[in-house]
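This report refers to the structure that appears directly beneath it.
The figures here come from the full heavy-atom set of this structure, side chains too, leaving out hydrogens, waters and symmetry mates. Lettering follows sequence order; numbering is per chain, from 1. Note that the structure is a prediction, hence the values are computed from the model and not measured.
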Amino acid sequence: MVDSSVENIDVRPVNKKENRALFAKREKIQPKKARGNFRRLKWIIMGITLAIYYITPWIRWDRGESGPDQAVLVDFARERFYFFFIELWPQEVYYITGLLILAAISLFLVTSLFGRAWCGYSCPQTVWTDLFIFVERMVEGDRNARLRLDKEPMSISKLSKRVLKHSIWLVIGVLTGGAWVFYFADAPTLLRELLTFEAPVIAYSSVAVLTATTYVFGGLMREQVCTYMCPWPRIQGAMVDEDSLTVTYHEARGEPRGPHKKGDPWTDRGHCIDCNQCVAVCPMGIDIRDGQQLECITCALCIDACDDVMDKIDLPRGLISYDTYAGQFDSDPDRKLNIRFIRPRTIAYGLILALVGAVMVFTLFNRSVLDVNVIRDRNPLFVTLSDGSIRNGYTVKILNKIHETRQFLIEVKGVKGAQAWIESGPPLGLPILVTVPADALSSYKLFVSAPSESLQDKSSDIDIVVADFESGETDVRTTSFKGPER
Amino acid sequence: MSDKVEKDEITGTDTTGHEWDGIKELDNPMPRWWLWTMYASIVWAIGYWIVMPAWPLVTSYTSGFIGYSSRGSLEQELAEASQAHAADRATLLTMEFSAVKNNDQVYQFAIRGGKSAFAVNCSQCHGSGAQGSPGFPNLNDDDWLWGGNLDAIYETIKYGIRSDHDDTRIGDMPAFLTDELLTKEQINDVAEYVLSLSEERKDMAAVDRGLEVYMENCASCHGDKAKGNRDFGAPNLTDAIWFYGKDKDIILRTISRGRANVMPAWTGRLDDTTIRQLALYVHSLGGGE
């Protein structure tokens, strides 16, 4: 008799390591529900990540009169990105580059330490697929019930289950797309507009597209997205080494595998009783006992399934566990998991991470709230005036990055006897006082004239100094003052 | 190359019979998704013919159900853009020039419109930066032949100078040699005098003789002090700006043969809004009075 407490499942891994053709027709994977620590951890992470996604746009943040009160907002119309206390202008998009570098390096570091932890727990594809499978299980039952249902001829009951499942999936899709657009406009206003059909077309089409992708990726394609569409499984091969954690079947302990009768000795055989529980729970359709393979997202559900079996047959847990490649062939069940956190690879990733992070934080907190750009006229390069003096034109752009109106003094230095004025007004004494509205860019046409005698060369350096009238914060732009050949 | 179709043992698929250096091509069907994409494209194309303009006919073309044309769409967009500025346009037409400067919305509208109108209509002579060239005034500087305030600039653009419009302004620089009003020597003397107004000359006797010739023949337009006269478009001869250039040869040529450059009248070619935009734009270039 086979060990009666463990169900032996007749399951064939869809993505069996051997015998895979270059093109394989898709077979639906019907993962069985797993119970255990990792499943619990995955529920928790799903809750946290979904909460972050849905709640973030609704967090308010006071920015006074001239800014929106939404904490996280990508404001295309006003060309700003708001993130709590940070407000970025389009020309500061390098912070986004920095964030992307940080994200990439973090992913490398986590991967080299813990394998594909991102894939297994927090990737949106994994989170939403998990959610969709949960819905499927609620409506149609667990693996066996679903397999039965698939084989049944169409009936009222089957149809209603199918309709209910797909409807819930679509609702999740709409909510996903719906939450996305709130990051790009004032959430409460947009929600009201969406419900009263007054929202912009782009909002509806964004919701529609994201509904479709969520439904198709999470409900229909699932593991195919990870296996065929995502580049990350390929890249991770370069991040993982023999010290990285992967979900590991301890072959030395498990083999030779075979059915086991209760009470039989465990000598001359392995601990794997070939119950196929690990295969049945796998959402990627692999057999972990074949070793690491591209499809494995290290979600650890097979660990839960196997631990459950080991408990029932009174063997120590951990026939399948997180382990390093190095530890895979160690048959000692009491072996302690030993992760080498400090390795050249992790040191390198850690250093890059710290460096980029430090640069980001430093520049962010020393970020100037005044930015000046000076563009000198090129056509004409200079103008000779009737008294023989030379005039140059400049476009001075002043960016006031705080939420208060500010006054600035514009001064010109470096050319003797220079006069400056704005637009076509009469030459006034320096400095010139201008007012820039809160959180805005103002552009001024600055004319500078200088007596011909004070120019040594056909091009002289000139400083355009912009100073905050109250705080004295100063920005200097050096440009050139052109004159005729001498 | 053989034409023998055979069955491939490993895949169970027929070959196409084509063989190159021992490499045989399997006769696999096209990927389904690809094929269906092609069918979908065919269906789309038929729908497109019905809905959109598609087939050329002898003198026209099939216009399609929704009657779209790219030209019509452009016209509609231009009309919309024009409509969007209708209010600014109306204000600009009725407002005093001096008041426009204080109305930022209308002023910006005028400057931008003026800039593009300038590029299309004026840059051919005055240059893309309005920097001018010999014979075509630089509009950036503070020297104005016919006046540099907004009303004067507006009038110049509208009616032109020596143009065919009835209200045009005319000022003639006579051809003193061609019309035998002065001798070559007198012209040389007066050129020496004109140059002496802005630099040291060696031949002071010629300068003195030139002064006499100047007072008799030139002062009526250019003024006793040679400061010019805007009523006749007579340039100031004492400043650093030379309309045709500062070389003595050029000055001799100007006096001998005269000058009569033409600025066309733009009324009738451009609407009044555009002319006003141009006046404001030219005025903003730095020399406006």
A:I375, CD1 atom: more than 12 neighbouring heavy atoms under 6.0 Å:
yes
Where is the tightest heavy-atom contact between A:P380 and B:G129, given as atom of each residue plus distance?
CD-O, 3.3 Å
Spacing of CZ belonging to A:F447 relative to CG belonging to B:L285, to within rounding of 0.5 Å:
7.0 Å
Got a sec: does the NZ of B:K246 have more than 12 other heavy atoms crowding it under 6.0 Å?
yes
All side chain to side chain donor-acceptor pair (under 3.5 Å) counterparts of A:Q125, not counting sequence neighbours:
A:T129
Pick from B:D143, B:D142, B:D239: which one makes a side chain to side chain contact (heavy atoms under 4.5 Å, CB included) with A:L385?
B:D142
Return yes when atom CD of B:E200 has more than 12 non-hydrogen atoms of other residues, nucleotides or ligands closer than 6.0 Å, and no otherwise.
no
As an exercise, state the distance from CD1 of B:I241 to OG1 of A:T384, rounded to the nearest 0.5 Å.
7.0 Å
For atom NZ of B:K225, decide whether the heavy atoms of other residues, nucleotides or ligands shown that lie under 6.0 angstrom number more than 12.
no
What are the two closest heavy atoms between A:N379 and B:Q131, and how far apart are they?
OD1-NE2, 3.2 Å
Side chain, backbone, both or neither: which part of B:N140 has an atom under 4.5 Å from a heavy atom of chain A?
both
